[in-house]
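Report on one structure; see the data block that follows.
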Amino acid sequence: MGIAYERTASTPDDSADTARGGGPTSPPIRVGLIGVGKMGISHCAILGAHPRVAIAGICDSATYIASALRKHTGTDTFHDYRKMIDSAGLDCVFVATPTSTHFDAATCALERGLHVFVEKPLCLDPVDSMRLADLAKRRSRANQVGYHHRFIATFRETRRLVQAGAIGEVYHISGSAFGAVVVRPKSGRTWRARKSEGGGCLHDYASHVVDLMNFIVGPPERVLGAHLRRIYSKDVEDAVYATFRYPGGASGQLETNWSDNSYRKMSTTMAVYGTRGKIVADRQECKIYLRSGAEFEQYPAGWTIRYITDLQPPVAYYLRGEEYSAQIDAFIDAVERGTAEHENSFASACETDRVIDLISKAGQ
Amino acid sequence: MERILFGDNQFFGVNHMSEDKARAQAMQFRDTPSIMRVLDCAYDHGIKVFMCTTHDRVGEIADTVRRNSRRYPDFQFYPCMPYAHKYADSVSEVGIIDTIRRFAPGGIMETLIKGAISAATQNVYKLMEILVDAEMKRFAGVRTPIIFLQNVVTDLLLGLKVYDVFAAFSEHIQRKYDAEAGFITMNLPMLVNALEQVGIENPIVCANINKIGFRMCGGIDAYRKRLRSQRCRAIAMSVFASGAIPPEEAIEWVCNLEGVESIVFGASSPRNVRHTKELIERAWGHGPAPAAAV
């Protein structure tokens with residue numbers, strides 16, 4: 001009837017992902033940024049503060065930010081990422097351009113032997129995502145996608161507890177995200193408002209939720225139904241509602257809405273229901289309820305609330321949330337180890353893209 | 001600089017511990033009079049400074065203070081700009097250029113864009129000044145002796161290593177508003193080094209300073225070292241780590257930390273305002289003197 005997990009208690013602190021390969025004397029990892037819009041500029045700052053990274057090039061089709069950065073920091077800037085990849089002596093690139101361009105940029109970088117970090121979602125077509133995942137694996141290059149929610153400790157603890165069988169057999173998972181991105185008609189003049197480039201609530205908000213649900217219970221086998229609803233946008237949906245079915249019969253429900261003015265910023269919640277208890281988690285709290293007789297590790301029967309202040313490992317530099325720095329630390333670590341096997345790989349993002357595609361088809 | 005400052009997170013649905021609490025507070029403080037009731041209590045208990053983000057609602061609070069200058073003869077605002085979510089959501093919605101156009105006062109950005117796109121793109125200082133002036137409009141006629149850059153922007157500039165913008169901000173604040181610049185950060189040790197590099201000595205910095213080291217990047221020891229070295233005038237925020245530390249324990253720890261000049265805290269009820277202020281005064285009453293002159 002559901003997703004069965006064997007109960008395997010462990011020490012609570014095995015989620016940290018902070019092993020480091022490079023020593024203080026190693027040359028810095030040379031990074032090129034492709035796209036310095038909202039996410040690219042955030043990555044640029046986190047990388048700039050990273051002690052083992054040198055920003056060797058910045059590429060953007062618009063001159064605005066790139067030229068300001070060149071003027072104030074002296075970093076080389078480019079209009080064409082191919083030129084940057086060929087001439088800047090890079091170890092890796094960060095691709096933070098509209099989703100429709102990810103495949104070409106990531107392919108180009110991988111074929112030249114670079115490690116690649118790509119903003120989420122990986123590609124619009126899951127076939128392209130698969131090809132990128134295969135290419136990265138064949139080349140043994142680090143390949144990560146920016147699903148930063150996986151680095152929030154409350155969600156990591158949720159996954160750990162679920163997979164350790166703490167709440168028994170999972171029969172339902174509910175994932176939601178709400179926020180105030182598109183809150184008036186006629187707004188939306190960027191690529192995020194254009195379906196063909198990867199805009200819309202499905203690829204933006206819902207992709208995070210799908211990825212987090214996959215992270216916690218694994219991917220669903222079917223999307224039973226979906227409703228993609230426009231509220232203010234013309235070309236894209238502003239809300240996504242979908243129902244999943246998992247191998248073993250468990251059900252899942254997704255609800256996302258980026259036109260909800262009552263939220264100050266994106267608010268993501270996961271609720272997982274099992275035969276022995278349930279967990280409700282957001283970025284601040286992980287609330288665990290265990291049935292009588294289902295005590296697990298330090299968790300007694302009844303409610304336990306764990307807070308982010310207690311769960312989240314510190315980062316060396318903070319901007320907007322620990323998870324943004326933690327995901328980059330993890331990627332730089334994978335680059336230093338020269339491995340294609342790590343958290344948030346293209347392969348796991350492929351599963352997310354596959355589910356997004358199923359939702360899109362079910363919602364037509 | 002005042003030693004005890006009143007913060008505003010509780011008024012605008014910001015709670016780093018619980019989204020439920022944040023929502024409940026957003027409902028409790030749905031209008032300006034409900035905020036003023038708590039602010040009045042803080043003011044009447046001798047807390048003269050409201051350290052606040054440049055949220056739209058703060059404009060209404062400034063209006064109230066301005067209109068009632070007899071009621072609030074000593075009221076000071078320490079504005080913290082910008083209200084980042086307003087800009088971040090707008091960038092997602094309409095892009096960077098249109099966001100600047102939306103928030104800069106009418107005409108100035110248009111002139112820059114039409115005149116020479118390269119001038120607008122290259123002249124980060126001018127743009128910064130335009131945006132600061134737009135944010136400061138709502139504080140016309142009220143006292144703003146210290147004006148802060150919010151941590152999202154401070155820490156972004158810090159990571160990008162565009163330290164010269166810190167100096168330009170500081171100069172603009174001094175020149176135009178006869179005020180001192182302050183910097184909110186989650187990365188205090190790194191920031192103090194950066195500010196010194198552009199000639200900002202002994203800066204006013206506001207950072208999380210709490211017993212459990214929550215969001216104190218660089219670690220508690222690096223913070224202790226910087227605070228002790230008297231290289232900055234520190235305002236401690238998030239002293240309770242969003243409720244993770246019991247109030248008495250949190251206040252006692254931070255008040256005994258050498259080099260903390262001021263504490264900013266938020267409270268939703270008159271009872272908590274009184275209680276926290278009493279705890280701080282009691283702890284400072286027999287704690288060490290601050291590192292630098294107040």
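In what follows, chains are A, B, ... by sequence order, proteins preceding strands, each numbered from 1.
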Exercise for review: Verify whether one side chain among B/Glu19 and A/Ser267 offers a donor that lies under 3.5 Å from an acceptor in the other.
Suggested key: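 Side chains of B/Glu19 and A/Ser267: pair found under 3.5 Å.
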Exercise for review: Go through B/Val152, B/Leu156, B/Val165 and name the one with the most non-hydrogen pairs under 4.5 angstrom from chain A.
Suggested key: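 Maximum pair count with chain A is reached by B/Leu156.
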Check your understanding: Using 4.0 Å as the upper bound for N to carboxylate O, is an ion pair formed by A/Glu322 and B/Arg215?
Key -> yes
Review point. Looking at A/Lys71 and B/Asp164, does any basic side-chain N land under 4.0 Å from a carboxylate oxygen?
Key: no
Would you compute the distance between atom [atom1] of [X] and atom [atom2] of [Y] and round it to the nearest 0.5 angstrom?
X	Y	atom1	atom2	value
A/Ile41	B/Leu160	CD1	CG	5.0 Å
A/His72	B/Tyr163	NE2	OH	14.5 Å
A/Tyr318	B/Asn151	OH	CG	7.0 Å
A/Leu319	B/Met186	CG	CE	10.0 Å
B/Ser18	A/Tyr307	OG	OH	6.5 Å
A/Arg264	B/Arg23	CZ	CZ	12.0 Å

Practice item. Assess whether atom CD of B/Glu252 is packed by more than 12 heavy atoms of other residues, nucleotides or ligands within 6.0 Å. Key: no
Exercise for review: Would you name the heavy atoms of B/Cys217 and A/Ala316 that are closest together and state the gap between them?
Suggested key: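 Smallest interatomic distance, heavy atoms only, reads CB-O, 3.5 Å.
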**Study point:** Side chain A/Tyr317, main chain B/Asp155, donor-acceptor under 3.5 Å
**Key:**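 Yes; at least one donor-acceptor contact below 3.5 Å.
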Between [X] and chain A, with a heavy-atom cut-off of 4.5 Å, which part of the residue counts as in contact: side chain, backbone, both or neither?
X	answer
B/Phe12	backbone
B/Ile212	side chain
B/Asn15	backbone

